[in-house]
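Here the structure comes first, spelled out in structure tokens, and everything after it is commentary.
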Amino acid sequence: MRADVRGFGWRFAGRRDWAVRGLDLTVEAGERVLLLGASGAGKSTLLAALAGLLPSDSGESEGTIKADRPGLLFQDPQAQLVMSRSGDDVAFGLENLGTPPGEIWPRVDETLARTGFRYGRDRSTAALSGGEAQRLALAGVLAMRPGLLLLDEPTANLDPAGAVLIRDALARALAPDTALIVVEHRVAEVLPLVGRVVVLAPGGGVLADGPPDRIFAEHGATLAEAGIWVPGRPIAPRRASRAAGDELLRASRVAVPGRLPETDLAVRAGRVHAVLGPNGAGKSTLARLLGGLLAPGAGAVRAAPALAGPDASRPPHRWRAAALAGRIGSVFQNPEHQFLAGTVRDELALGPRRLRRPPAEVTATVDGLLDRLRLTRLAGANPFTLSGGEARRLSVATALAAGPSVLVLDEPTFGQDRRTWTELADLLAGLRDDDGAAVVAVTHDPDFVTALADDVTTLGAGS
């Protein structure tokens, strides 16, 4: 037996609601399990508990939970790469386990080969693309030969090619007796790896458990209604209801050495502009340039007078912070990088208060965003205790709170279940169609492009 969970529950400190509760689950050696559930159902909390990463002083627990030699791979590989050389990073865990020195480097080399890592031990971890870094992080976990491998949306931040490489690496590298529990919203892509599906119920416990074909045949409609990405259910497009408006922002031959080659892009009112490309192509760098958060190494970003107002003679990166937030809102790839306040409500109020909006207007803005993005029940929660999907919705809401005319989002839909994805897509479509706002979205999500994108810019191949 690799995992045994009995009546398990966990509530984060300061929270009224339980993140997960009343959960019973057994996973045997060699089982491959896909763990599903709506955003906020407790999937990541369960994985953290199985990995022993929920300190007793950070919340309240009930029931029992046991795991046999667990190893956890996060969404973001940078969260677990600790050394400057790739080989040293894989060796780090082995050294901490007390592995005999003579066994360490042969095991490092073997695991790097099994996971498809194309460089040697000396490759700098800082020089890796997102997909390469994730394969290295996977090698570091597998080298320790876990009895239970836990994957928390391991391909969420990767381009489609990088995601395929991770799934292929898993198929090659997993030992027959290693159990696997993987959390992944994009169900269809991971189904070939698993033989069992467990669905967490939003209120606690297990909603469904069994072979994938039976689960989706018997519970497909219920699961889709609960927010699960059930295979074979397409997303309806949201076409623009008006003609494109005036150009608000233009990047002309912008470049950042080593991060973004020379690029042109025009942002127009009433349009959703998707920025595509492989990991390492410079998409996030371009987003920061358009958002006024980074000065270009070459070229220029210019705002139209209608957007820039009295700052029309200066590029966005030279505007005052409050003026920038009121004109161009930015949403980072990692939501926690932009949280500053102790509660969700205070986080949403920061922008309007900085713009000196009246208290009644601040309250109305915050309440409206809490409701539209299903965050009302979390208004008093610490932003750093939210699930990945909840944190993403909060980061979008904080950018919207200042009422910008241009919204720049980096991977806006990662970590969202089908229901919250739909609500977020509807919100962005409404900003475009009803408010005439311009939306720029860096994304690897093909459904987002199909449903919402009016314009597309594809950056070249990265490393």
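All values below were derived from every heavy atom in this structure, side-chain atoms included, with hydrogens, water molecules and symmetry-related copies excluded.
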Exercise. Just wondering, do E153 and H185 contact through their side chains at under 4.5 Å, heavy atoms?
Worked result: yes

Exercise. Do any N or O atoms from the side chain of R418 and from the backbone of V230 form a donor-acceptor pair under 3.5 angstrom?
Worked result: no

Exercise. How far apart are the C-alpha atoms of R259 and R288, what are their side-chain angles, what is the distance that settles it, and do they pass the side-chain contact (heavy atoms from CB on, under 4.5 Å) test?
Worked result: CA-CA 12 Å; R259 296 164 62 184; R288 287 192 284 272; 3.3 Å; yes

Exercise. Regarding T125 and D89, is there a side-chain donor-to-acceptor distance under 3.5 Å anywhere?
Worked result: no

Residues 165-174 side chain polar contacts: donor-acceptor under 3.5 Å, at least two apart:
from	atom 1	to	atom 2	distance (Å)
R167	NE	E189	O	3.4
R172	NE	R114	O	3.2
R172	NH2	R114	O	3.3

Seminar exercise, completed: Smallest heavy-atom separation, A281 atom then P261 atom, equals O-CD, 3.8 Å

Problem set entry | Contact check, side chains of D109 and R121, non-hydrogen atoms, under 4.5 Å | yes

For this session: Answer yes if the side chains of T343 and D346 hold a donor-acceptor pair under 3.5 Å, and no otherwise.
Result: yes

Exercise. Is the shortest heavy-atom distance from the side chain of V440 to the side chain of L286 under 4.5 Å?
Worked result: no

For this session: Please assess V197 against V187 for the test side-chain contact (heavy atoms from CB on, under 4.5 Å), listing each intermediate value before the final yes or no.
Result: CA-CA 10 Å; V197 172; V187 172; over 6 Å; no

Exercise. With V190, which of T155, L34, V183, L151 fulfils side-chain contact (heavy atoms from CB on, under 4.5 Å)?
Worked result: L34

Exercise. Would a 4.5 Å heavy-atom cut-off, applied to side chains only, mark L23 and W10 as touching?
Worked result: no

Problem set entry | Side chain Q338, main chain F332, donor-acceptor under 3.5 Å | yes

Exercise. Just by distance, do the side chain of K43 and the backbone of L200 share a donor-acceptor pair under 3.5 Å?
Worked result: no

Exercise. Where the side chain of R32 meets the backbone of T178, is there a donor-acceptor pair that is under 3.5 Å apart?
Worked result: yes

Exercise. Are T420 and R374 close enough that a side-chain donor and a side-chain acceptor fall under 3.5 Å?
Worked result: no

Exercise. Is it true that a side-chain atom of D454 and a backbone atom of V272 form a donor plus acceptor pair closer than 3.5 Å?
Worked result: yes

For this session: Could you tell me which non-hydrogen atom of T385 sits nearest to which non-hydrogen atom of R15, and how far apart they are?
Result: OG1-NH1, 2.7 Å

Problem set entry | Side chains of E411 and H444, donor plus acceptor under 3.5 Å | yes

Exercise. Does R2 come within less than 4.0 Å of D177, counting only side-chain N to carboxylate O?
Worked result: yes

Problem set entry | Flag for S395-R392: side-chain donor and acceptor within less than 3.5 Å | yes

Exercise. Is the side chain of T111 donor-acceptor paired with the backbone N or O of R107 at a distance under 3.5 Å, no angle test?
Worked result: yes

Exercise. Would you call T26 and R6 a side-chain contact if the rule is heavy atoms closer than 4.5 Å?
Worked result: yes

Problem set entry | Q416 side-chain N/O to T413 backbone N/O, donor-acceptor pair under 3.5 Å | no

Exercise. What heavy-atom pair brings T99 and I104 nearest, and what distance separates the two atoms?
Worked result: O-CD1, 3.8 Å

For this session: Look at the side chain of D24 and the backbone N and O of G7, then say whether any donor-acceptor pair between them is shorter than 3.5 Å.
Result: yes

For this session: Kindly determine whether Q80 and L73 satisfy side-chain contact (heavy atoms from CB on, under 4.5 Å), including the steps that lead there.
Result: CA-CA 8 Å; Q80 60 193 95; L73 183 67; 3.8 Å; yes

Problem set entry | Main-chain N/O of R16 paired with R11 side-chain donor or acceptor, under 3.5 Å | yes

Exercise. Going by heavy atoms in the side chains, are V33 and V194 under 4.5 Å from each other?
Worked result: no

Exercise. Should we say atom CG of N96 is surrounded by more than 12 heavy atoms from elsewhere, each under 6.0 Å from it?
Worked result: yes

Problem set entry | Shortest non-hydrogen contact from V5 toward F8 | CG1-CB, 3.3 Å

Please list, one pair per line, the donor and acceptor atoms closer than 3.5 Å that link side chains of residues 218-228 to other protein atoms, with sequence neighbours excluded.
none

Seminar exercise, completed: Between W229 and D417 the two heavy atoms that sit nearest each other are NE1-C, 3.4 Å

Exercise. Can E62 and R21 be counted as an ion pair, charged N to O under 4.0 angstrom?
Worked result: yes

Exercise. Roughly how far apart are F117 CZ and Q134 CD, rounded to 0.5 Å?
Worked result: 12.5 Å

Problem set entry | Any donor-acceptor N/O pair, S86 side chain to R123 backbone, under 3.5 Å | yes

Seminar exercise, completed: Closest heavy-atom pair, A139 versus L112, reported as atoms and distance to 0.1 Å, is CB-CD2, 4.0 Å

Problem set entry | From CA spacing to verdict: side-chain contact (heavy atoms from CB on, under 4.5 Å), Y119, S124 | CA-CA 10 Å; Y119 304 109; S124 168; over 6 Å; no

For this session: Answer with yes or no whether the side chains of D447 and W421 bring together a donor and an acceptor at under 3.5 Å.
Result: no

Exercise. Looking at side-chain heavy atoms only, is the closest gap between V182 and P154 below 4.5 Å?
Worked result: yes

Problem set entry | F216 side chain near L191 side chain, heavy-atom distance below 4.5 Å | yes

